[in-house]
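Each remark here refers to the structure printed beneath this line.
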Amino acid sequence: MQRLSAVVLRLEKALAGALTFAILVLVGLGSVARGMGAPQVWTDELAVHLMVMLAFIAASMGVALQNHMAMGLMPESLGPRGWRVLARVNQGLILGFMALMTLLTWVWLDIPGLIAAGSGEALAESSFNFAWTDPTLTLGLRKIWFWLVIPASVLSGMLHVLAQIFAPLPETAV
């Protein structure tokens, strides 16, 4: 499981780098175009969607690298045994959060409803769930293509925390 987590982390890092570069190019292109009197509004919208995708990927990477927000005072005051217990409680809380996010994403995307309805349009008509049909304002793409990063990052974050749970803990805080 640790190897799979490491492979996924490498993919996340590569994707995060590519997204960061794309955002830089889009913002630069948009700025130059506005300066030349021919604004390209779609560059701003695409950059925003890519930034949101990057945030979700970075959140999963934060779980993998254990760089998420943490309080340093309590673990430092505990002995090695207390630190290991606290580390496992922390991992359990992160896993619980990922499980909750998985459930919320499942309800939001309503895959069984989509399959039963036969299309995103039919699902929207019967349940007012527009997740599969909502278009972007200037790009004309469906937002679902950007939103699919949510279940992907939640599942990869869950993989990372499970890999940590099944790995032995060091003797002392890192």
Side-chain angles (χ1 to χ4, degrees), residues 1-30 40 42-72 75 84 86-115 120 123 129-170 173-174:
M1 190 171 283
Q2 285 81 18
R3 283 188 200 148
L4 180 58
S5 175
V7 168
V8 169
L9 178 60
R10 279 195 300 276
L11 291 172
E12 288 171 332
K13 285 180 178 181
L15 186 55
L19 287 172
T20 302
F21 179 74
I23 292 164
L24 177 67
V25 168
L26 286 167
V27 170
L29 177 65
Q40 301 295 312
W42 65 269
T43 60
D44 292 337
E45 184 180 29
L46 183 55
V48 167
H49 284 294
L50 295 182
M51 281 187 245
V52 171
M53 291 177 70
L54 180 59
F56 278 97
I57 293 166
S60 176
M61 290 171 51
V63 171
L65 299 170
Q66 297 183 17
N67 285 338
H68 44 80
M69 291 181 64
M71 298 293 288
R84 285 192 299 277
L86 186 62
R88 292 299 187 204
V89 167
N90 183 45
Q91 291 165 343
L93 289 172
I94 294 170
L95 183 61
F97 175 76
M98 292 296 178
L100 177 62
M101 287 296 296
T102 300
L103 176 66
L104 292 173
T105 303
W106 180 260
V107 169
W108 171 52
L109 293 179
D110 191 13
I111 306 290
L114 177 67
I115 293 168
L123 177 66
N129 181 344
F130 295 93
W132 296 94
T133 59
D134 195 18
T136 57
L137 295 175
T138 61
L139 297 169
L141 299 172
R142 291 187 178 183
K143 290 180 184 177
I144 190 66
W145 297 114
F146 300 102
W147 292 341
L148 287 176
V149 73
I150 297 170
S153 64
V154 168
L155 292 175
S156 64
M158 192 175 287
L159 168 70
H160 295 316
V161 76
L162 284 171
Q164 293 165 9
I165 288 171
F166 289 112
L169 286 171
V174 178

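Everything numeric in this text was worked out from a predicted model, so none of it was measured. One-based numbering along the sequence shown.
The CG atom of Asn129 sits 7.5 Å away from atom CG of Leu109, with the distance rounded to the nearest 0.5 Å. To the nearest 0.5 Å, atoms CG (Leu29) and CG (Leu24) are separated by 11.0 Å. A distance of 12.5 Å separates CE in Met51 from CZ in Phe146, rounded to the nearest 0.5 Å. For the atom pair CG of Leu86 and CG of Leu93, the computed distance is 9.0 Å after rounding to the nearest 0.5 Å. The distance from atom CE of Met101 to atom CD1 of Ile150, rounded to the nearest 0.5 Å, is 6.5 Å. The OG atom of Ser153 sits 11.0 Å away from the CG atom of Leu54 when rounded to the nearest 0.5 Å.
Pro151 has its side chain out of reach of Phe56: every pair of non-hydrogen atoms, C-beta onward, lies at least 4.5 Å apart.
Atom CH2 of Trp145 is surrounded by 12 or fewer heavy atoms from other residues, nucleotides or ligands within 6.0 Å. Within 6.0 Å of NZ in Lys143 there are more than 12 heavy atoms belonging to other residues, nucleotides or ligands. Enclosure of atom CZ in Phe97 is not indicated, since only 12 or fewer non-hydrogen atoms of other residues, nucleotides or ligands lie within 6.0 angstrom.
Within the 3.5 Å criterion, the main-chain N or O of Met1 finds no donor-acceptor partner in the side chain of Ser5. Judged purely by atom type and a 3.5 angstrom limit, Gln40 has no side-chain atom pairing as donor or acceptor with the backbone of Gly30. Judged by distance alone, the side chain of Gln164 and the main-chain N or O of Val63 form a donor-acceptor pair under 3.5 Å. Checked by atom type and distance alone, the side chain of Glu45 pairs as donor or acceptor with a backbone atom of Leu137 at under 3.5 Å. Not a single donor-acceptor pair under 3.5 Å links the side chain of Asp134 to the backbone N or O of Ile144.
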**OP:** Applying side chain to side chain contact (heavy atoms under 4.5 Å, CB included), run through Trp132 and Ile111 and close with a yes or a no.
**Re:** CA-CA 10 Å; Trp132 296 94; Ile111 306 290; 3.6 Å; yes

Subject >> Residues Leu141, His49; criterion side chain to side chain contact (heavy atoms under 4.5 Å, CB included); working and verdict >> reply: CA-CA 11 Å; Leu141 299 172; His49 284 294; over 6 Å; no

Subject >> Stepwise side chain to side chain contact (heavy atoms under 4.5 Å, CB included) test for Arg142 and Trp147 >> reply: CA-CA 9 Å; Arg142 291 187 178 183; Trp147 292 341; over 6 Å; no

Original post:
Given the rule in the side chain to side chain contact (heavy atoms under 4.5 Å, CB included) test, do Leu26 and Trp42 qualify, once you have shown the distances and angles that lead to the verdict?
Top reply: CA-CA 9 Å; Leu26 286 167; Trp42 65 269; 3.8 Å; yes

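Contact detail for Ser60 and Glu12: the closest heavy-atom pair is OG-OE2, 2.6 Å. Closest of all the heavy-atom pairs between Gln2 and Ala163 is NE2-O, 2.7 Å. Here the closest non-hydrogen pair linking Met98 and Gly157 is CE-CA, 4.0 Å. Residue Ala47 comes nearest to Ile23 through the heavy atom pair O-CG1, 4.0 Å, listed as atom of the first residue, atom of the second, then distance.
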